[in-house]
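Working notes for the structure below.
The sequence lines fix the lettering, A, B, ..., with proteins before strands; numbering per chain opens at 1.
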There are 2 protein chains.
Amino acid sequence: MLKYILLGFLNYQGMTGYDLKRSIDGSTAHFWHAYHSQIYTTLRKMERDGLVTSVIDDTDERLERRIYQITKQGKSKLKEWLGKSLTELPPSKDSLLVRLFFSGSRDRQEVLSELRFQRQLRQQQLELYQQIKPEEYSPPSQLRSDTLDFDREAKFWRMTLDLGLAYEQMYLKWLDETISQIESF
Amino acid sequence: MLKYILLGFLNYQGMTGYDLKRSIDGSTAHFWHAYHSQIYTTLRKMERDGLVTSVIDDTDERLERRIYQITKQGKSKLKEWLGKSLTELPPSKDSLLVRLFFSGSRDRQEVLSELRFQRQLRQQQLELYQQIKPEEYSPPSQLRSDTLDFDREAKFWRMTLDLGLAYEQMYLKWLDETISQIESF
DNA sequence: AAAATACATGTAATTATTGACATATAAAAA
DNA sequence: TTTTTATATGTCAATAATTACATGTATTTT
């Protein structure tokens, strides 16, 4: 999947591996993230497969910046992937629920502490998402692809942020109810 | 993480690898699942590490059943793991959001079809969760561990199911809103 | 001035996961 | 009777993810 995310961003504009990491961190991270080591490794593989090309940026002799660009083959691969709809629900993982599931024999105060701490983290996450303006994901207009309607793209970006917001709100509500239940044991 | 899930179930009662797969599929799968190949591989490793022991069930000569039991070391490891609270939010993944994020240039009807299909899948998932009675996760009383309070365990199992229900309901609501928005482009 | 952080790019080992291949008996369904 | 599904246990290759190690310049903060 990371390959398609990288293609998706490079379809917007050419950028460095470091830029890609920042793009992911600032937009898709709540539903897909990656470590920089995986990004660089995947970019290498994609270049080998002809999906992207790269060139060292000469204008900055001191910082060694490698700019990646999507190729026609890469655009075609991205389009093909987007054309194949998901037909099943992919599995999801939640470490907290694993721990809670097996917490019947834990000390009640310990469980409550952990849930309260998680609640704080979720609250912070929600507040962070509330600050985000997906419209600002757009690259500067002189650099970005001419063939894309970024106003329309921004609508889709916002939809994913809306799900992130709804998810955190749902989780907070559930945490409140769960904390209350455990408090009343 | 799978190691701790297996320890958690084996703490309830001894069981085969196949039983463990069924236990996971019937309870934790919405927040942690595993393929049988990973379960068998992980059980081997856990046996090598002294966390479980196994014995071939002689009473059934024709079906080759290997029963795993948690060891004292395994109980200790599970308790130690449960005693270390989560201190950060683990990353999550959602393939649909990745696709939606990059769908600005897709055909509107295609996007709508995919989302409507996902809605059906989520509705089915919700109905499935509504059928589940976590209290029925308990092993038969003559087989299970004496030292655990299964009524109390069941309370925690239900809390995780409640999150699953809330998650599907939240997702359905978001899908409805998102489908409406795209319809009105 | 020094320390910390940001901007950069890697490599490598390890762990985790996916998915296929493989085998075999028992029970249920067609 | 045959086919399908359930009950079982593996092994293995490939891919994905995590984590650490490594190096180096620029900018900001203390």
Side-chain angles (χ1 to χ4, degrees), chain A residues 1-7 14-26 28-29 31-49 51-52 54-68 81 86-95 98, chain B residues 1-7 14-26 28-29 31-49 51-52 54-68 81 86-95 98:
Chain A
M1 179 80 73
L2 181 60
K3 173 165 70 185
Y4 300 111
I5 294 172
L6 300 178
L7 285 175
M15 56 182 94
T16 65
Y18 190 84
D19 287 333
L20 282 160
K21 167 75 171 143
R22 284 196 303 163
S23 294
I24 289 169
D25 286 350
T28 72
F31 55 89
W32 210 278
H33 88 292
Y35 293 92
H36 84 279
S37 50
Q38 199 182 0
I39 292 169
Y40 288 113
T41 299
T42 304
L43 284 170
R44 285 297 190 186
K45 194 173 188 313
M46 288 163 70
E47 188 165 21
R48 208 180 64 235
D49 293 344
L51 304 178
V52 301
S54 74
V55 70
I56 300 290
D57 182 2
D58 282 339
T59 61
D60 200 315
E61 287 161 14
R62 294 166 296 170
L63 276 178
E64 200 180 306
R65 296 173 86 244
R66 183 186 292 272
I67 313 293
Y68 291 87
W81 175 70
L86 281 179
T87 53
E88 52 191 12
L89 297 177
S92 69
K93 307 233 155 157
D94 188 321
S95 309
V98 173
Chain B
M1 179 78 75
L2 181 59
K3 172 166 69 185
Y4 299 112
I5 294 173
L6 299 178
L7 285 175
M15 56 183 96
T16 66
Y18 190 84
D19 287 333
L20 282 160
K21 166 74 171 144
R22 285 196 302 165
S23 295
I24 289 169
D25 286 349
T28 72
F31 55 88
W32 211 278
H33 89 295
Y35 292 89
H36 83 280
S37 52
Q38 199 183 0
I39 291 170
Y40 289 112
T41 299
T42 303
L43 284 170
R44 285 296 190 187
K45 193 172 190 309
M46 288 163 69
E47 189 164 22
R48 207 179 66 237
D49 293 344
L51 304 180
V52 302
S54 72
V55 69
I56 300 289
D57 184 359
D58 283 336
T59 62
D60 201 314
E61 287 160 13
R62 292 166 298 172
L63 274 178
E64 199 181 306
R65 298 174 87 242
R66 183 187 292 271
I67 314 291
Y68 291 88
W81 175 69
L86 281 180
T87 53
E88 51 191 11
L89 296 177
S92 68
K93 308 239 153 151
D94 187 321
S95 308
V98 173

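A straight line from CZ of A:Arg22 to P of C:dT9 spans 10 Å, rounded to a whole angstrom. A straight line from CD1 of A:Ile5 to C1' of D:dA16 spans 12 Å, rounded to a whole angstrom. What separates OH of B:Tyr18 from C1' of C:dA27 is a distance of 12 Å, to the nearest Å. Rounding to whole angstrom units, CG of residue A:Leu43 and P of C:dG10 are separated by 9 Å. Rounded to an integer number of Å, the gap from CG of B:Asp19 to P of D:dA6 is 16 Å. What separates OH of A:Tyr68 from C1' of C:dA8 is a distance of 11 Å, to the nearest Å. Nucleotide D:dT7 holds its P atom 15 Å from the CE atom of B:Met15, rounded to whole Å. Rounded to whole Å, atom P of D:dA6 lies 22 Å from atom CD of B:Glu64.
Residues that satisfy the side chain to side chain contact (heavy atoms under 4.5 Å, CB included) test with A:Asp49, not counting sequence neighbours, are A:Lys45, A:Leu51. Remark: B:Lys21 pairs with B:Asp25 by the salt bridge (charged side-chain N to carboxylate O under 4.0 Å, His left out) rule, at least two apart or across chains. Every ring pair (Phe, Tyr, Trp, His ring centres under 6.0 Å) that B:Tyr4 has, sequence neighbours left out, goes to B:Trp81. Remark: B:Arg44 pairs with no residue by the salt bridge (charged side-chain N to carboxylate O under 4.0 Å, His left out) rule, at least two apart or across chains.
A:Ser23 has its side chain within reach of A:Met15: a pair of non-hydrogen atoms, C-beta onward, lies under 4.5 Å apart.
In terms of phosphate contacts, A:Arg62 brings no side-chain nitrogen or oxygen within less than 4.0 Å of OP1 or OP2 of D:dG24. Within the structure, every side-chain polar atom (N or O) of A:Arg65 is placed at least 4.0 Å from both OP1 and OP2 of C:dC7. Residue B:Arg66 places at least one side-chain N or O closer than 4.0 Å to OP1 or OP2 of D:dG10.
Looking only at atom types and distance, the side chain of B:Thr16 has no donor-acceptor partner in the side chain of B:Arg65 under 3.5 Å away.
In this structure, the nucleotide among C:dC7, C:dG10, D:dT9 sitting nearest to the side chain of A:Tyr40 is C:dG10. Taking every side-chain heavy atom of A:Leu63 into account, D:dA26 is the closest of D:dT7, D:dA26, D:dT9.
Within the model, atoms CE of A:Met1 and CG of A:Leu6 stand 12.0 Å from one another, a figure rounded to the nearest 0.5 Å. Annotation: the span from B:Ile5 atom CD1 to B:Thr28 atom OG1 amounts to 5.0 Å, rounded to 0.5 Å.
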Please tabulate, one pair per line, each protein N/O and nucleotide N/O from nucleotides 14-20 of chain C that are separated by under 3.5 Å, including the distance.
| from | atom 1 | to | atom 2 | distance (Å) |
| --- | --- | --- | --- | --- |
| C:dT17 | OP1 | A:Lys93 | NZ | 2.9 |
| C:dT17 | OP2 | B:Gln38 | NE2 | 2.2 |
| C:dT17 | O5' | B:Gln38 | NE2 | 3.4 |
| C:dT18 | OP2 | B:His33 | NE2 | 3.3 |
| C:dG19 | OP2 | B:Tyr35 | OH | 3.0 |
| C:dG19 | O6 | B:Ser37 | OG | 2.7 |

Taking it one step at a time, do B:Phe31 and B:His33 satisfy ring-ring contact (aromatic ring centres under 6.0 Å, His included)? CA-CA 7 Å; B:Phe31 55 88; B:His33 89 295; over 10 Å; no
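An angle of 50°, rounded to 10°, separates the two end axes of the helix from C:dA1-D:dT30 to C:dA30-D:dT1, each defined over five pairs.
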